[in-house]
Trainee: 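Below is a structure I'd like to ask you about.
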Amino acid sequence: SQQGEEDPQALSIQEGENATMNCSYKTSINNLQWYRQNSGRGLVHLILIRSNEREKHSGRLRVTLDTSKKSSSLLITASRAADTASYFCATVGNFGNEKLTFGTGTRLTIIP
Amino acid sequence: DGGITQSPKYLFRKEGQNVTLSCEQNLNHDAMYWYRQDPGQGLRLIYYSQIVNDFQKGDIAEGYSVSREKKESFPLTVTSAQKNPTAFYLCASSPLSGSQPQHFGDGTRLSIL
């Protein structure tokens with residue numbers, strides 16, 4: 001079963017604009033991770049945020065986590081054509097088995 | 001360079017045939033995972049292993065089998081019992097401690113002839 005849902009399913013923006021993607025999940029978590037997938041390739045880890053953290057930054061990426069609403073957002077600032085990809089959130093539950101449960105993904109297209 | 005290697009990149013299966021997808025890692029990770037990805041969808045867990053000679057079923061294990069005879073290797077067999085095997089298969093690995101991120105291979109695309 002899939003834990004999370006990303007919103008929107010697809011997003012197209014002009015290069016240089018900011019892109020925001022949202023993720024909602026259903027059960028309590030240990031941490032939430034964001035991954036990027038270029039077409040036909042494997043996933044690349046972007047950022048991990050633990051349940052006791054509210055915000056995390058990495059370069060042009062900003063992730064927020066609201067455990068009371070069971071939601072997270074990924075902001076990519078000053079987008080570039082190379083950011084075109086699918087973005088997935090994935091959660092690790094509190095049961096210590098390290099399994100990731102993935103959402104359905106957001107397809108981001110950056111228009112040059 | 002450390003990483004995960006999946007082979008082959010493309011694979012075709014005839015009806016009634018078992019096929020095996022290879023996954024090798026040189027990251028010295030204890031845990032390895034197999035996922036299935038259908039078009040426009042997220043990843044679903046097939047099997048995972050946290051130690052050599054031990055593995056657990058994921059959410060969609062029916063029609064698949066795995067082995068973990070070496071730490072570096074976690075092959076996946078798609079059996080003839082899997083009636084809808086056409087998908088993109090991804091292998092991943094991670095250290096066991098502290099909820100570390102998973103590292104992914106570049107996938108194998110399986111199609112039916």
Trainee: How does the hydrophobic cluster around I111(A) look, that is, which other residues are in it when side-chain heavy atoms under 4.5 Å mark a link?
Mentor: none
Trainee: Identify which part of Q56(B) has an atom lying under 4.5 Å from any heavy atom of chain A, answering side chain, backbone, both or neither.
Mentor: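 For Q56(B), no heavy atom lies under 4.5 Å from chain A.
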Trainee: Under a 3.5 Å cutoff, is there a donor and acceptor pairing between the side chains of Y47(B) and Y35(B)?
Mentor: no
Trainee: Among C23(B), C91(B), S94(B), which residue meets the side chain to side chain contact (heavy atoms under 4.5 Å, CB included) test with Y33(B)?
Mentor: S94(B)
Trainee: Is any side-chain heavy atom of D83(A) closer than 4.5 Å to a side-chain heavy atom of R60(A)?
Mentor: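 D83(A) vs R60(A): side chains touch.
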Trainee: For residues 25-70 of chain B, pull every pair meeting disulfide (SG to SG under 2.5 Å), keeping only residues two or more places apart or in separate chains.
Mentor: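 Counting only pairs at least two positions apart or across chains, no disulfide (SG to SG under 2.5 Å) contact touches residues 25-70 of chain B.
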Trainee: With a 4.5 angstrom heavy-atom cut-off, is it the side chain or the backbone of Q37(A) that approaches chain B, or both, or neither?
Mentor: side chain
Trainee: Applying a heavy-atom distance below 4.5 Å, give me the residues of residues 68-86 of chain B that approach chain A, sorted by number.
Mentor: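 So far as heavy atoms go, nothing in residues 68-86 of chain B approaches chain A to under 4.5 Å.
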Trainee: Of all of Q37(B), K9(B), R109(B), which one pairs up most often with chain A through heavy atoms under 4.5 Å apart?
Mentor: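 Heavy-atom pairs under 4.5 Å are most numerous for Q37(B).
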Trainee: Going by the rule salt bridge (Lys or Arg N to Asp or Glu O under 4.0 Å), which residues pair with D38(B) if we only count those two or more places apart in sequence or in a different chain?
Mentor: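 Once residues adjacent in sequence are excluded, the partners of D38(B) under the salt bridge (Lys or Arg N to Asp or Glu O under 4.0 Å) criterion are R36(B), R44(B).
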Trainee: Identify which one of T106(A), L61(A), T64(A) satisfies the side chain to side chain contact (heavy atoms under 4.5 Å, CB included) criterion when paired with L74(A).
Mentor: L61(A)
